[in-house]
Amino acid sequence: MSNSMPMDNAQRQQIMEQVNMQVEMAKLKQLLEGVQDKCFKMCVSKPGSSLASSEQKCLGQCMDRYLDAVQVVEKTYINRLQQEGGGASGF
Amino acid sequence: MNDPQIQRFVVQTKQRAEFQTLVNSITNDCWDKCITYTISSLDSKQERCITNCVQRFIDTSKMLTQRLSEAGSKSAQKSPQGFGSKLYN
């Protein structure tokens, strides 16, 4: 990477795709950590010898609501930034 | 690396990743404050709570940032070349 040969378009494209993929993976990882933390707390309060069907149902619902919550946060945050007329300013 | 297209891409990607992390962190904080049960959708009370939570989070961040910069410029005014004096030239 430290040589100064200019990259051709295919190389550029490839690098950008790989980086985008890594960002997506990081996003998924963060989501999963959040869901695991919040929904395990909410749904598995008394761990038994296996996940009960009621716990599985709770986990599924909890995950869906967590994803809803992420969307509400994202939307609210973006609206606020747009109202204040600055791009990504302030943070 | 001096490729301008890649440099632009890196800046944008960094912002996008930071935004994702911030949204995730706010979601976790506001979940703890607003969600004590789950049903088949977010009910209006939960949604309002999350919206308020995000707004107050941003207010808090702005207020503390401003306070901190005021504290910074006060201490800068004490020194003769502080940036506080430049503001009123």
Side-chain angles (χ1 to χ4, degrees), chain A residues 1-9 11-13 15-20 22-35 37-39 41-43 57-81 83-84 87-91, chain B residues 1-70:
Chain A
M1 286 293 177
S2 58
N3 67 25
S4 51
M5 288 279 286
M7 280 185 280
D8 62 38
N9 269 333
Q11 279 175 311
R12 268 205 205 97
Q13 206 59 37
I15 288 177
M16 292 195 285
E17 271 167 28
Q18 278 171 2
V19 171
N20 280 334
Q22 282 173 8
V23 172
E24 281 307 303
M25 292 299 287
K27 182 183 187 173
L28 276 179
K29 187 164 172 267
Q30 284 182 343
L31 276 179
L32 191 63
E33 281 169 4
V35 173
D37 180 46
K38 301 310 173 194
C39 298
K41 271 181 195 147
M42 179 174 287
C43 298
K57 190 169 166 245
C58 177
L59 288 168
Q61 196 167 63
C62 177
M63 179 168 172
D64 290 344
R65 296 298 78 73
Y66 187 87
L67 297 178
D68 289 346
V70 171
Q71 294 218 312
V72 173
V73 171
E74 216 170 72
K75 198 180 72 187
T76 308
Y77 200 100
I78 290 172
N79 282 346
R80 174 79 182 254
L81 281 185
Q83 269 171 21
E84 305 199 345
S89 69
F91 301 99
Chain B
M1 197 176 292
N2 291 323
D3 187 310
Q5 197 190 348
I6 291 288
Q7 277 176 352
R8 215 165 35 241
F9 172 77
V10 166
V11 170
Q12 282 167 357
T13 305
K14 195 159 168 269
Q15 276 181 354
R16 195 154 57 88
E18 281 170 1
F19 181 70
Q20 276 175 13
T21 301
L22 183 63
V23 165
N24 201 260
S25 145
I26 299 176
T27 303
N28 288 332
D29 289 345
C30 294
W31 178 276
D32 290 341
K33 294 184 197 301
C34 298
I35 311 291
T36 54
Y37 57 89
T38 58
I39 50 174
S40 58
S41 65
L42 285 183
D43 63 34
S44 59
K45 223 167 92 181
Q46 291 173 326
E47 189 165 338
R48 196 169 348 109
C49 179
I50 294 177
T51 306
N52 284 337
C53 178
V54 176
Q55 297 282 11
R56 297 301 78 73
F57 181 94
I58 297 171
D59 290 345
T60 303
S61 165
K62 289 181 76 166
M63 195 195 115
L64 294 180
T65 305
Q66 200 194 344
R67 287 253 172 155
L68 205 58
S69 78
E70 277 169 12

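FYI, side chains are in, hydrogens and waters are out, and symmetry mates aren't considered; it's all heavy atoms of this structure. Keep in mind that this is a model prediction, so the values were computed, not measured. A, B, ... follow the sequence lines: proteins, then strands. Residue 1 opens every chain.
In this structure, chain B has no heavy atom under 4.5 Å from any part of A:Q71. Using a 4.5 Å cut-off between heavy atoms, A:I78 contacts chain B through its side chain alone, with no backbone atom that close. Neither the backbone nor the side chain of A:D37 has a heavy atom closer than 4.5 Å to any heavy atom of chain B. Within the 4.5 angstrom heavy-atom criterion, atoms from both the backbone and the side chain of A:D68 approach chain B.
Here A:T76 is the residue among A:T76, A:D64, A:N79 with the most heavy-atom pairs under 4.5 Å with chain B. Note: A:K38 leads A:E33, A:K41, A:M42, A:K38 in heavy-atom pairs under 4.5 Å with chain B. Counting heavy-atom pairs closer than 4.5 Å to chain A, the top residue among B:T21, B:I26, B:I35, B:T13 is B:T21. Across B:C30, B:S40, B:S25, the residue that shares the most heavy-atom pairs under 4.5 angstrom with chain A is B:S40.
Residues meeting the salt bridge (Lys or Arg N to Asp or Glu O under 4.0 Å) test with B:E70, sequence neighbours left out: none.
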TODO: Let me see the working for A:C43 and A:C62 under disulfide (SG to SG under 2.5 Å), right down to the final yes or no.
DONE: CA-CA 8 Å; A:C43 298; A:C62 177; 4.7 Å; no
Open item on the list: Applying ring-ring contact (aromatic ring centres under 6.0 Å, His included) to A:Y77 and B:F19, what does each step give before you reach the verdict?
Closed with: CA-CA 10 Å; A:Y77 200 100; B:F19 181 70; 5.7 Å; yes
Open item on the list: Applying side chain to side chain contact (heavy atoms under 4.5 Å, CB included) to A:L31 and A:L67, what does each step give before you reach the verdict?
Closed with: CA-CA 8 Å; A:L31 276 179; A:L67 297 178; 4.1 Å; yes
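In this structure, B:C34 and B:C49 have their SG atoms less than 2.5 Å from one another.
Screening residues 41-57 of chain B for side chain to side chain donor-acceptor pair (under 3.5 Å) gives A:R80-B:Q55, B:Y37-B:D43, B:R56-B:D59 as the qualifying pairs, with residues at least two apart or on separate chains.
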